[in-house]
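What you see below is based on every heavy atom in this structure, not just the backbone, and it leaves out hydrogens, waters and symmetry mates. Since we're looking at a predicted model, the values are computed, not measured. Chain letters run A, B, ... following the sequence lines, proteins first, then strands; residues in each count from 1.
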Amino acid sequence: MDVDTDENSNAKGKEGQGKLIMVILVGAPGSGKSTFCELVMGSSSRPWVRICQDTIGNGKSGTKAQCLKSAASALNNGKSVFVDRCNLEIEQRADFVKLGGPQVDVHAVVLDLPAQLCISRSVKRTGHEGNLSGGKAAAVVNKMLQKIELPKLNEGFTRITFCHNETDVQSAIDMYKSLDLHNLLPHGCFGQKNPNKKVQLGIMKFLKKAEKPSETRSSANTVKDSPTPQTTQENSDSCDKKEESACTMSKNVDIESEKGECPGIRSLEDDISQSNSPTLAFPSISTSDFKFSHEKAAEIIVEKVEEFVDKLGNARLVLVDLSRGSKILSLAKAKAAKKNISSTKFFTFVGDITKLNSEGGLRCNVIANAANWRLKPGGGGVNAAIFSAAGPGLEVATKQQANSLQPGNVVAVPLPSTSPLFNREGVTHVIHVLGPNMNPQRPNYLRNDYDEGCKLLRNAYSSLFQAFISIVEDKFKSVKEIHERLGSVPSEPQKHSEDSHHKFKRENLQNPERSKKWKGSQDPTEALNQNNNKTVPKMSKHWGSWAQALYNTAMHPEQHSDTVLETSDDVVILNDIYPKARKHLLVVARHEGLDQLTDVCREHLPLLRTMHAVGLKWIDKFFHEDASLVFRLGYHSAPSMRQLHLHVISQDFDSSHLKNKKHWNSFNTDFFRDSVAVMDEVSSNGKASIMDDESLMSMELRCNRCRSAHPNLPKLKAHSFKCQAPFPSALLEGGRLVTAPSNAPLS
DNA sequence: GTTCTAGAAC
DNA sequence: GTTCTAGAAC
């Protein structure tokens, strides 16, 4: 037979009375289509048939006609069908879609995984030839992906599921696995990027149902109905185990282990479900990676809770920890009970702080993050989890508030409405907290100085709780009132997410000293300057000592004659000391206060033109040495080095200093702003647009000429060295690329 | 074992 | 920005 049939299907035969499903997989080679089918068919009670064009021809390459015939016949026999071929174009899918009808739901599952992942899998699969290079597989995958037409419902699909990463794929597999003969999936488009993330929410909600189709969640015991985060992760590949974990859920609620020890707390179960109360969920600060004494930390937590408990109104504080046997939770609980702190105001909870609502039924509008001083993602623990769950928007929003944080301080960040944490969990704010550090391996090590440590931890919790109360209070105050108190008038309609900014402004006016807590080490006045008040200087980024080299050179070129190639009143020109290509110059502006592109406004247009012209002059010089060079001039959206500088860089990227993805992507994604475009924008809008989303730096590596994707930098460089494809048309337009006069047209 | 990436420190 | 390096990926 030319099709794979799963074992269960034979036994059930045609008896299924429910509707059939035909899933048309859409994805490049290596995207995991066959694996998807195998995993679903391996443990599905619905009879499936997989129709694969690669194997249908019994050794020879199969045809679409063969696949169509087999699909029709399988459906006739009462089997649901996977169409396992690339199906990247509408035309390729159309004939299969036609097999649908009143008895057959036609679904698409789009495996839109990163090209480089598909490439590396394809290479592996054909690896026996030894020298089938990544480049060759890349060429195949890239060629196919260039033609992709993402499926739409109007092609005739009743449901489309988009998967962009392994997690999405696993979710979709679990979803299809869970289908028996009679249940079906909701119709519609799920998981598509761009339109907005609410579609994703649809998937998340459905997944919950699919896991436990027979259960309905009542608001009174939501906590008991949800699986524990731990067991969900461990058993994500098995529906049966998930059901099991759901049954053991009651252990998840920390209060459960309190039976008998703390009778007063029994009323908590009801309270937890009161989702209307503003709630701050916070991890224990400093006790994990910063190795702060649990005993002392618990003491401080409860002391600060007690101090703030009367100011909470109907709001609640929840200490969260991932592990059930958490020492800090039991310590804090015991101490709170001793002080008779109401369990409706403060309680502990075991769960993943990024999934409290979806998996624990605990709705928290504000969560605290145990941040690092750089306010950056990563590093593991709560910080990594929160940044990851919140998506790149959190980092961008955080940057708008502060660039770093001092121990004992916090910074409150409104979450963008596009963040999955906002959509799925109902979190409106993340408050970053930096606690004292007792770990010699981490920055700001306190050498066991617990006097200082306790002081900082008290500050941290005071600031945290105060920031939370400010956010809650803000909800009940009109923006207008706040502005009246500020003595300013809102210049544009206010969004909810901006509320807290204004609150902080007000707090700062009342108590400037406290602003240190909001803004880390930054000058309190900077916090005031952040928003719409254009009359005061805007907040500037903090530049590390290593980032001052260009600034120093620009201010005192005479002291750097060894590196400076040319000086004028407006600019200095120097070779980049770590050139990322054969020719790589920097044209540095000499204006004080012009740190980077975001500081540029219309008054700087003449300077920008001068910088560009000087760049062109030097390019012309280089053409006398090598007329085959091609140049691009532009600015980094968010430079690492202080002082506005224009990169003049040859497009060979042939340099031993170009070592990592960030290097490549900083010159080959939208992060790089072409000088000509910058001048146009400043001329017409008065400012240049910047693209400094972190995700640009981690984008897949693509050739700057043929746009092919490559699994890693060395492979890209090897390819780039020989790629002679013409440059993309977008670069050829508007003078973005500069070639020697004799060398045109480009090739 | 080697290659490569990515985070911490500066 | 780079260097160093742990550990992931191959």
Heavy atoms only, 4.0 Å cut-off, all strands: where does A/L713 land among base, sugar-phosphate and nothing? sugar-phosphate

When you measure only distances, ignoring hydrogens and angles, does the side chain of A/R374 come within 3.5 Å of the base of B/dA9 through a donor and an acceptor? yes

Under the ring-ring contact (aromatic ring centres under 6.0 Å, His included) test, which residues partner A/H636, sequence neighbours left out? A/H647, A/F667, A/F671

How long is the line joining CG of A/N665 and P of C/dG1, in whole Å? 13 Å

Holding to side-chain contact (heavy atoms from CB on, under 4.5 Å), I want the full list of residues that pass it with A/S720, two or more places apart in sequence or in another chain. A/W664, A/N704

Write down the distance between OH (A/Y445) and P (B/dA9), rounded to a whole number of angstrom. 14 Å

Please name all residues satisfying side-chain contact (heavy atoms from CB on, under 4.5 Å) with A/C723, sequence neighbours left out, ordered by chain then number. A/C703, A/R705, A/C706, A/H719, A/A725

Starting at CG of A/L658 and ending at P of C/dG1, how long is that distance when rounded to a whole Å? 11 Å

Between B/dA6 atom P and A/N372 atom CG, what is the distance in whole Å? 17 Å

If I take atom CE in residue A/M697 and atom P in nucleotide B/dG7, what distance separates them, rounded to the nearest angstrom? 14 Å

Measure CG/A/N439 against C1'/B/dA8 and give the value in whole Å, please. 13 Å

Classify A/G379 by what it touches in the nucleic acid, base, sugar-phosphate, or nothing, heavy-atom distance under 4.0 Å. sugar-phosphate

Extract from the structure each pairing of a protein N or O with an N or O of nucleotides 2-5 of chain C at less than 3.5 Å, listing the distance.
unit_1	atom_1	unit_2	atom_2	d
C/dT2	OP1	A/K580	NZ	2.8
C/dT2	OP2	A/H663	NE2	2.6
C/dT3	OP2	A/K659	NZ	3.0

Would you say the side-chain atoms of A/H604 pair up with the backbone N or O of A/V600, donor to acceptor, closer than 3.5 Å? no

Tell me what A/H636 touches on the nucleic acid: a base, only sugar-phosphate, or nothing, going by heavy atoms under 4.0 Å. sugar-phosphate

Residues 544-579 of chain A vs ring pair (Phe, Tyr, Trp, His ring centres under 6.0 Å), sequence neighbours excluded, gives A/Y578-A/H657

Starting at NZ of A/K583, measure out to CG of A/D576 and round the result to the nearest 0.5 Å. 13.0 Å

Could you name each residue pair satisfying side-chain hydrogen bond (donor to acceptor under 3.5 Å, both in side chains) that touches residues 433-451 of chain A, not counting sequence neighbours? A/D289-A/R442

Nearest whole angstrom, please: distance from the P of C/dG1 to the CD of A/Q596. 11 Å

Once you round it to whole Å, what is the distance between C1' of C/dG1 and CH2 of A/W543? 11 Å

